[in-house]
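A, B, ... follow the sequence lines: proteins, then strands. Residue 1 opens every chain.
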Amino acid sequence: MSTERESLNFIEEIIEEDIKNGKHGGLVYTRFPPEPNGYLHIGHAKAIVLNFEIAQKYGGKTNLRLDDTNPTTEDTHFVENIKQDIQWLGFQWENGELYASDYFGKLYEYAVDLVKKGLAYVDDSTPEEIAEMKGDISVPGTESPYRNRSIEENLELLEGMKNGDYPDGSRVLRAKIDMASPNMHMRDPILYRIKHEDHHRTGGEWCIYPMYDFAHGQSDSIEGITHSLCSLEFRHHRPLYDWFIEKLEIFPSRQIEFARMNVEYMITSKRKLKRLVEEGFVTGWDDPRMPTIAGMRRRGYPAAAIREFCRRAGIAKRENLIEIGLLEYCVRQELNKTADRVMAVLDPVKVVITNYPEGQVEEMEVENNPEDESAGNRMVPFSREIYIERDDFMENPPPPKKFYRLGPDRMVRLKGAYIIECNDVVKDESGKITELHCTYFPESRSGSDTSGLKVKGTIHWVSAEHAKEVEVRMYDRLFTDPTPTSHEDKDFLEFFNEDSLKKITAKVEPALPHAEPGTTYQFLRKGYFCLDPDSTEDHLVFNSTVNLRDTWSKMKKN
RNA sequence: AGACCCAUGGUGUAAUUGGUAACACAGCAGAUUUUGGUUCUGUCGUUCUAGGUUCGAGUCCUAGUGGGUCUACCA
């Protein structure tokens with residue numbers, strides 16, 4: 001029995017308090033409310049995981065609601081991508097997907113209700129005048145000359161707005177609250193604006209559209225959302241959120257703000273992400289370097305790893321910058337359990353095993369995943385000429401205690417095969433190593449080693465005549481600075497990492513199949529690599545997902 | 001400038017709600033290893049400052065400092 005008390009984040013504390021008090025009969029109902037005007041990114045992933053998992057934890061439900069109150073920027077095309085991304089992350093929402101636009105009729109009724117209660121009015125001021133009268137952060141606003149129109153006149157004008165009697169921008173409906181409030185959002189916020197524009201779902205039915213503040217909270221309320229989780233910058237909207245609930249006398253959803261997650265080397269501004277795509281820095285929204293869900297999926301980050309990352313990042317109200325290393329840790333942890341191993345040589349140098357019979361081929365049995373016995377074994381052909389990693393040979397190596405790979409007169413084990421010893425180094429005129437001549441020890445065969453030889457190093461290899469060539473796209477972080485958007489004097493694109501993509505050709509085991517795109521392998525001793533959709537039957541393309549931890553390269557630096 | 005929010009190791013989050021500051025990642029050292037991976041062990045290091053309340057403060061109060069947010073007919 002554990003006496004360990006589970007620690008709760010501050011939102012869970014609020015929820016448990018609510019449950020204890022029998023609020024909403026103990027129901028927990030959350031929602032994920034993206035605006036369908038772009039692709040989902042890592043920040044959305046955080047919100048998705050939070051909303052769905054916290055509801056799951058307390059036996060509740062979660063809605064997906066597309067917040068589509070601005071016909072100018074929103075599009076059905078984004079809706080499909082959003083749905084796909086959420087499902088890929090492993091979540092399913094209730095009630096089919098919902099839309100704020102489903103409630104346009106109801107919202108209009110609410111507006112009429114407020115007018116009738118003398119709590120809203122039609123303002124004929126220009127946008128400039130409204131901004132002017134709003135005052136300043138430290139200067140109280142002034143009341144609009146239209147603020148005290150009669151209820152009848154307001155009703156008539158609102159009706160006219162709805163019927164399309166007035167041009168765009170000529171009038172707005174505002175709440176009548178307090179022009180002197182220290183909270184700018186309470187200074188008679190705009191509820192409705194006129195936009196003679198077709199909406200992606202309601203078409204030409206409406207020419208007035210509700211603002212965020214008049215749509216979001218009421219949508220929560222209509223859906224019976226108990227806990228409406230949003231990011232910190234909406235803190236100042238909360239009094240307004242609550243004001244509408246009180247005045248409209250509707251279901252009291254509660255807004256709770258948490259700090260959005262920032263991750264090193266990632267940006268989450270839709271506008272900036274768009275620039276990366278449109279200015280050709282990346283190949284698209286799903287470029288494997290992008291912090292979009294589509295990009296991370298293509299990169300090979302498992303959904304389970306992204307979920308785990310979001311959980312580990314935690315929930316709080318303070319500014320944060322999560323180290324990218326944590327994400328990579330989660331990715332490796334997941335892939336270590338699930339990815340089959342395969343040998344691939346990324347930077348090949350040829351090895352000729354001079355005492356191995358020419359023309360002879362042996363099939364070596366190698367385990368697919370030492371972490372998962374059920375993954376079974378595979379056969380890998382071995383022959384007289386093989387490729388090994390250029391890195392795995394050093395002509396003037398440090399003492400064997402430090403470097404235990406191949407060097408002149410040194411021995412290593414070829415994974416799943418024999419121990420070899422290097423006898424000769426062949427170079428071209430420029431001094432570049434072109435071949436290594438080695439001898440092997442026939443009695444050192446893997447699994448039946450009677451040689452008595454002991455070597456510290458084991459390296460991967462691929463038979464030269466059997467090797468298959470594949471394209472490998474090596475990815476590095478998108479930016480050279482962990483917070484590229486934090487420099488006031490510099491555009492974030494100045495920190496674009498020109499080396500964030502390098503395409504190379506690698507030699508891999510011949511049996512590597514043209515599997516389903518997204519299939520991830522561990523290239524032994526190198527990292528995890530994921531089959532890209534660009535692959536064809538005779539041209540496989542792999543994306544580097546994440547490198548293996550590499551304590552050797554760390555030692556080299558020191 | 002005003003209002004609101006925030007401040008715990010390098011990073012992120014905890015601390016039985018006032019009772020010996022912990023967990024994970026990162027770092028370092030070692031063991032194991034036919035992946036310099038995985039796994040395991042050890043280790044480094046933390047309460048913004050100054051007052052106050054209290055037997056006792058990371059926690060409560062006051063002030064200061066530092067950071068964030070807010071003045072779109074965007075969400």
For this session: Report the nucleotide, chosen from B:C4, B:C74, B:G12, that has the shortest atom-to-atom distance to any side-chain atom of A:Arg193.
Result: B:C74

Exercise. Which part of the nucleic acid, if any, lies within reach of A:Gly447 when heavy atoms closer than 4.0 Å are counted: base, sugar-phosphate only, or nothing?
Worked result: base

For this session: Compute the centroid of each ring, for A:Tyr110 and then for A:Tyr103, and state whether the two points are separated by less than 6.0 Å.
Result: no

Problem set entry | Under 3.5 Å on both distances, the Watson-Crick or G-U partner of B:A24 | B:U11

For this session: Mind calculating the distance between NZ (A:Lys526) and P (B:U38) to the nearest angstrom?
Result: 15 Å

Exercise. B:G37 phosphate, OP1 or OP2: any side-chain N/O from A:Thr551 under 4.0 angstrom?
Worked result: yes

For this session: With heavy atoms under 4.0 Å as the rule, sort A:Gly527 into base, sugar-phosphate or nothing.
Result: nothing

Exercise. When rounded to the nearest Å, what value does the distance between C1' atoms of B:U47 and B:G58 take?
Worked result: 5 Å

Problem set entry | Plane angle bin for A:His44 and A:Phe32 - parallel if under 30°, tilted between 30 and 60°, otherwise perpendicular | perpendicular

Problem set entry | Test item: side-chain donor near acceptor, A:Arg254 and A:His227, under 3.5 Å | no

For this session: Identify, between A:Ile315 and A:Thr73, the residue whose nearest nucleotide on RNA chain B lies closer to the 5' end.
Result: A:Ile315

For this session: In whole angstrom, give the distance that lies between atom CG of A:Asn320 and atom C1' of B:C5.
Result: 14 Å

For this session: Give A:Tyr404 one of three labels, base, sugar-phosphate or nothing, depending on what nucleic acid heavy atoms sit under 4.0 Å from its own.
Result: base

For this session: In whole angstrom, give the distance that lies between atom CG of A:Asp178 and atom P of B:U71.
Result: 17 Å

Exercise. NA contact type, A:Ser446, heavy-atom cut-off 4.0 Å: base, sugar-phosphate, or nothing?
Worked result: base

Exercise. So what's B:A72 paired with, Watson-Crick or G-U wobble, going by both distances under 3.5 Å?
Worked result: none

Problem set entry | Base of B:G68 paired with side chain of A:Arg318 (donor-acceptor, under 3.5 Å) | no

For this session: Identify whether any heavy atom of A:His460 sits under 4.0 Å from a base atom; if not, whether one sits that close to sugar-phosphate; answer base, sugar-phosphate or nothing.
Result: nothing

For this session: Kindly indicate whether the side chain of A:Glu233 and the base of B:G68 share any N or O donor-acceptor pair separated by less than 3.5 Å?
Result: no

Problem set entry | Watson-Crick/G-U partner (both atom distances under 3.5 Å) of B:C44 | none

All N/O pairs under 3.5 Å across the protein-nucleotides 39-49 of chain B interface:
none

For this session: May I ask you to say what A:Leu232 touches in the nucleic acid, namely base, sugar-phosphate or nothing, with a heavy-atom cut-off under 4.0 Å?
Result: nothing

Problem set entry | Set of ring pair (Phe, Tyr, Trp, His ring centres under 6.0 Å) partners for A:His216, sequence neighbours left out | A:Tyr212

For this session: Identify whether any heavy atom of A:Arg312 sits under 4.0 Å from a base atom; if not, whether one sits that close to sugar-phosphate; answer base, sugar-phosphate or nothing.
Result: sugar-phosphate

Exercise. What does A:Glu319 touch in the nucleic acid at a heavy-atom separation under 4.0 angstrom: a base, only the sugar-phosphate, or nothing?
Worked result: sugar-phosphate

Problem set entry | In B:U17, glycosidic geometry as syn within 90° of 0 or anti otherwise | syn

Exercise. Is there a donor and acceptor pair closer than 3.5 Å between the side chain of A:Arg525 and the base of B:U35?
Worked result: no

Exercise. Checking all strands, does A:Pro33 fall into the base, sugar-phosphate, or nothing category for heavy-atom contacts under 4.0 angstrom?
Worked result: nothing

Exercise. Out of B:A75, B:C74, B:U71, which has the shortest distance to the side chain of A:Lys134?
Worked result: B:U71

For this session: Determine the contact category for A:Glu128: base if any of its heavy atoms lies under 4.0 Å from a base atom, sugar-phosphate if only primed atoms, P, OP1 or OP2 are that close, otherwise nothing.
Result: nothing

Problem set entry | Touch class at under 4.0 angstrom, heavy-atom based, for A:Phe234 against every strand present | base

For this session: Look at A:Arg260 together with A:Glu233 and state whether they make a salt bridge at an N to O cut-off of under 4.0 Å.
Result: yes

Exercise. Considering only the P atoms, how many Å lie between B:A14 and B:A7, rounded to the nearest integer?
Worked result: 10 Å

For this session: Just call it for A:Asp168: base, sugar-phosphate, or nothing, with non-hydrogen atoms closer than 4.0 Å on any strand.
Result: nothing

Problem set entry | Ring centres under 6.0 angstrom apart (A:Phe382, A:Tyr356) | yes

Polar pairs (N or O, both sides) under 3.5 Å between protein and nucleotides 1-3 of chain B?
none

Exercise. Does a nitrogen or oxygen in the side chain of A:Lys317 sit under 4.0 Å from OP1 or OP2 of B:C4?
Worked result: no

Problem set entry | Protein-nucleotide distance (A:Asn368, atom CG; B:U35, atom P), rounded to Å | 15 Å

Problem set entry | Close aromatic pair by centroid cut-off 6.0 Å: A:Phe529 and A:Tyr521 | no

Exercise. In whole angstrom, what separates A:Asp391's CG from B:U35's C1'?
Worked result: 15 Å

For this session: Mind checking A:Arg341 for me? I need base, sugar-phosphate or nothing, with any heavy atom below 4.0 Å counting as a touch.
Result: base

For this session: Could you check which nucleotide pairs with B:A57 in any of the strands shown, counting Watson-Crick or G-U wobble with both distances under 3.5 Å?
Result: none

Exercise. Looking at side-chain heavy atoms only, is the closest gap between A:Ile388 and A:Val351 below 4.5 Å?
Worked result: yes

For this session: Respond yes when some side-chain nitrogen or oxygen of A:Thr69 is under 4.0 Å from OP1 or OP2 of B:A75, and no when none is.
Result: yes

Exercise. In whole angstroms, how far is the P atom of B:C70 from the OH atom of A:Tyr212?
Worked result: 13 Å

Exercise. Within the structure shown, what part of the strands sits under 4.0 Å from A:Ser231 by heavy-atom distance: base, sugar-phosphate, or nothing?
Worked result: nothing

